[in-house]
J.: 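One structure is given below, represented as structure tokens, and several questions about it will come after.
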Amino acid sequence: MDVLDARLCLMLHSLPGLGDLPLSRLFLQYGSAQKIWDSDPGRWTSLGVSAESVSAAQVVQSQHLSSAGPPGIDRQLDSLVELGAQVISLTDARYPALLQRVYDPPPILYARGEIELLQQAQLGIVGSRKASLPGLKATSQLSGQLVQAGLHICSGLALGIDHAAHRGALDAGGKTVAVVANGLDVIYPARHRAITQEIVGSGCLLSECPPGCEPLRHRFPKRNRIISGLSLGVLVVEAALRSGSLITARTAMEQGREVFALPWSVFHIGGRGCLGLIRDGVKMVLGVEDILEELGPLYQCQSELAFPEPKPSQALYGLQAGEVQVLRLIGAEAIGVDELVQHSGLAVSRVLAILSSLEVARKIVRCDGGYIEC
């Protein structure tokens with residue numbers, strides 16, 4: 001871990017009132033935590049950063065950048081070092097490429113274990129915390145078969161289906177990614193301490209929360225978007241009509257991911273969410289072949305990355321800062337002008353001019369729904 005970069009990222013995360021979107025814009029504008037702190041916070045307001053955050057950043061610049069840091073930062077940094085964790089910012093080459101292209105990627109990730117797994121093909125598996133025995137058995141079996149087919153398993157380390165998904169992958173000799181809604185130094189639920197250590201040793205533990213963060217309710221829906229964002233698709237094993245698993249399924253659809261569901265009896269309350277998904281067009285899964293058939297060649301290309309890598313720096317040579325900022329927002333999925341304006345923080349006229357320039361340079365192409373990269 002680059003200790004200085006980790007410290008600077010923690011200091012950004014500690015700024016009051018600095019949301020994910022403005023922080024992402026800062027990384028896209030300046031390129032790294034070091035360059036963000038080297039800039040003038042007074043200019044951050046054009047990227048949507050609040051006056052509160054700007055004032056706090058100016059205090060940090062004047063008092064802490066060359067010293068011990070704001071209260072709590074050294075303690076968080078010591079925790080990351082003790083855990084052997086890595087800090088990965090949005091513009092870091094190690095940032096997972098598939099997650100980087102979702103609507104609202106986490107600006108900073110904290111990871112333990114094999115972080116290279118984050119760049120490899122995986123399937124998200126989610127479901128009820130109060131799962132039935134058949135649901136747990138199906139999860140474990142499917143998870144094991146999927147890792148044997150070449151996929152890694154991504155889930156949320158919760159009770160029930162999540163635990164069975166991780167357990168099935170590990171027992172089959174595979175790798176698994178656990179995305180948590182708390183700091184990496186916090187074990188939740190507490191009974192999962194042992195499997196957490198197994199995952200760190202044969203997989204990856206991932207969070208967008210700095211050390212010390214407790215698993216508060218509002219952090220779980222945000223956690224779910226990372227599970228789906230990292231994955232080629234999401235399998236919902238068992239879910240009630242109102243559940244976090246269905247939130248993950250909807251998020252996966254919005255991100256353009258494949259969604260799968262197991263069929264259940266209409267008399268099984270815990271499976272009605274899956275039946276609703278199937279009714280609405282999600283692919284029904286009777287066996288692992290249904291998942292592999294739908295994903296097609298994506299999982300087979302794991303060694304070559306089934307999705308685009310972050311744009312290499314060579315592709316950005318000769319471009320101005322605003323052009324780089326807009327180009328980083330354009331990927332394989334069409335994105336419209338309104339979204340580009342919102343995410344870049346630039347004026348509409350400026351974005352339109354940049355798009356024209358990038359089209360002429362043959363770095364993007366216009367299509368139905370907006371623009372995609374060449």
Side-chain angles (χ1 to χ4, degrees), residues 2-77 79-80 87-92 95 99-100 102-110 183 207-214 216 218-219 222 225-226 316 319-329 337-351 353-354:
D2 184 328
V3 176
L4 174 59
D5 183 69
R7 181 168 173 266
L8 294 175
C9 285
L10 287 168
M11 291 165 70
L12 286 170
H13 246 169
S14 73
L15 292 177
L18 183 58
D20 284 351
L21 184 54
L23 181 52
S24 293
R25 288 173 178 165
L26 286 173
F27 275 109
L28 292 172
Q29 176 71 21
Y30 295 105
S32 69
Q34 180 69 67
K35 291 181 179 178
I36 292 173
W37 283 114
D38 286 343
S39 68
D40 176 11
R43 302 181 64 180
W44 297 0
T45 54
S46 64
L47 300 175
V49 178
S50 68
E52 178 188 20
S53 299
V54 168
S55 296
Q58 291 169 334
V59 171
V60 171
Q61 278 187 327
S62 63
Q63 298 181 2
H64 299 299
L65 278 182
S66 59
S67 60
I73 296 298
D74 285 347
R75 184 167 58 252
Q76 289 180 326
L77 186 59
S79 180
L80 291 175
V87 180
I88 308 170
S89 66
L90 183 61
T91 50
D92 192 316
Y95 196 95
L99 180 62
Q100 191 180 46
V102 304
Y103 174 77
D104 53 348
I108 300 173
L109 293 171
Y110 303 89
S207 177
E208 64 178 327
C209 304
C213 288
E214 295 294 331
L216 303 179
H218 71 275
R219 293 191 172 124
K222 292 187 65 181
R225 89 192 190 286
I226 301 177
L316 303 179
L319 298 182
Q320 298 178 1
E323 292 175 326
V324 172
Q325 186 178 348
V326 171
L327 184 58
R328 288 190 184 278
L329 296 172
V337 174
D338 289 345
E339 289 181 87
L340 290 170
V341 170
Q342 179 182 3
H343 289 305
S344 69
L346 302 174
V348 175
S349 59
R350 177 65 174 141
V351 170
I354 289 172

J.: If I take atom CG from residue Asp104 and atom CG from residue Leu21, how far apart are they, to the nearest 0.5 angstrom?
T.: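 The CG atom of Asp104 sits 8.5 Å away from the CG atom of Leu21.
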J.: Taking all non-hydrogen atoms of both residues into account, name the closest pair between Gln100 and Pro105 and its distance.
T.: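 So the minimum-distance heavy-atom pair works out to O-CG, 3.8 Å.
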J.: Kindly write out the residues that satisfy side-chain contact (heavy atoms from CB on, under 4.5 Å) with Ala6, not counting sequence neighbours, or none if the list is empty.
T.: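 Applying side-chain contact (heavy atoms from CB on, under 4.5 Å) to Ala6 gives Met1, Leu77, Val87.
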J.: Between Ser32 and Phe27, which heavy-atom pair has the shortest distance, and what is it?
T.: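 The answer is C-CE2, 4.0 Å.
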J.: Checking side chain to side chain contact (heavy atoms under 4.5 Å, CB included) for the pair Arg43/Val54: CA distance, chi angles, key distance, verdict?
T.: CA-CA 9 Å; Arg43 302 181 64 180; Val54 168; over 6 Å; no
J.: Applying side chain to side chain donor-acceptor pair (under 3.5 Å), name anything that partners Ser46, two or more places apart in sequence or on another chain.
T.: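 Ser46: no side chain to side chain donor-acceptor pair (under 3.5 Å) contacts found.
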J.: Sub-3.5 Å donor-acceptor pair from the side chain of Arg75 to the main-chain atoms of Pro211, do we have one?
T.: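 Here the side-chain-to-backbone pair does not exist.
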J.: Using side chain to side chain donor-acceptor pair (under 3.5 Å) as the criterion, list what pairs up with Thr91, not counting sequence neighbours.
T.: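 Partners of Thr91 by the side chain to side chain donor-acceptor pair (under 3.5 Å) criterion come out as none, since no residue qualifies.
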J.: Could I get the full list of side chain to side chain donor-acceptor pair (under 3.5 Å) partners for Gln58, not counting sequence neighbours?
T.: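 In terms of side chain to side chain donor-acceptor pair (under 3.5 Å), with neighbours along the sequence ignored, Gln58 is linked to no residue.
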J.: Please confirm whether the backbone N or O of Ser39 pairs with a side-chain atom of Gln61, one donor and one acceptor, at under 3.5 Å?
T.: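 Checking the backbone N and O of Ser39 against the side chain of Gln61, a donor-acceptor pair under 3.5 Å is found.
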J.: Judged by atom type as modelled, is there a donor-acceptor pair below 3.5 Å linking the side chain of Ser55 to the main-chain atoms of Ala51?
T.: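 Answer holds: yes.
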J.: Nearest 0.5 Å, please: how far is CG in Leu10 from OH in Tyr110?
T.: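 Nearest 0.5 Å value for the OH-CG distance: 4.5 Å.
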J.: What is the distance from atom CD of Glu208 to atom NE2 of His13, rounded to the nearest 0.5 Å?
T.: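 Answer for the CD-NE2 pair, Glu208 versus His13, is 7.0 Å.
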J.: Any non-hydrogen side-chain atom of Trp37 less than 4.5 Å from a side-chain atom of Leu12?
T.: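 In short, these two side chains touch, coming nearer than 4.5 Å.
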J.: Give me the atom names and distance for the closest heavy-atom approach of Leu346 to Ile354.
T.: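 Of all heavy-atom pairs spanning Leu346 and Ile354, the closest is CD1-CD1, 3.8 Å.
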J.: Could you give me the CA-CA distance, side-chain angles and deciding distance for Leu15 and Trp44, then say whether side chain to side chain contact (heavy atoms under 4.5 Å, CB included) is met?
T.: CA-CA 13 Å; Leu15 292 177; Trp44 297 0; 4.1 Å; yes
J.: Rounded to the nearest 0.5 Å, what separates atom OG in Ser89 from atom CD in Gln34?
T.: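 One finds 12.0 Å between OG of Ser89 and CD of Gln34.
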J.: Starting at OG of Ser24, measure out to CD1 of Ile108 and round the result to the nearest 0.5 Å.
T.: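 The CD1 atom of Ile108 is 9.0 Å from OG of Ser24, to the nearest 0.5 Å.
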J.: Looking only at non-hydrogen atoms, find the nearest pair between Asp5 and Ala33 and report the distance.
T.: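 Closest approach of Asp5 to Ala33: OD1-CB, 3.8 Å.
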J.: Please name all residues satisfying side chain to side chain donor-acceptor pair (under 3.5 Å) with Ser50, sequence neighbours left out, ordered by chain then number.
T.: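 Partners of Ser50 by the side chain to side chain donor-acceptor pair (under 3.5 Å) criterion, ordered by chain and then number, come out as Ser53.
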J.: First locate atom CG of Leu23, then atom CD1 of Ile36, and finally report the distance between them rounded to the nearest 0.5 Å.
T.: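 The CD1 atom of Ile36 is 6.0 Å from CG of Leu23, to the nearest 0.5 Å.
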J.: Can you find a pair of side-chain heavy atoms, one from Tyr95 and one from Pro106, that are under 4.5 Å apart?
T.: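 A side-chain contact exists here, since the closest heavy-atom pair is under 4.5 Å.
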J.: Could you work out, with salt bridge (charged side-chain N to carboxylate O under 4.0 Å, His left out) as the rule, every residue matching Asp20, not counting sequence neighbours?
T.: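 If we apply the salt bridge (charged side-chain N to carboxylate O under 4.0 Å, His left out) test to Asp20, skipping adjacent residues, the hits are Lys222, Arg225.
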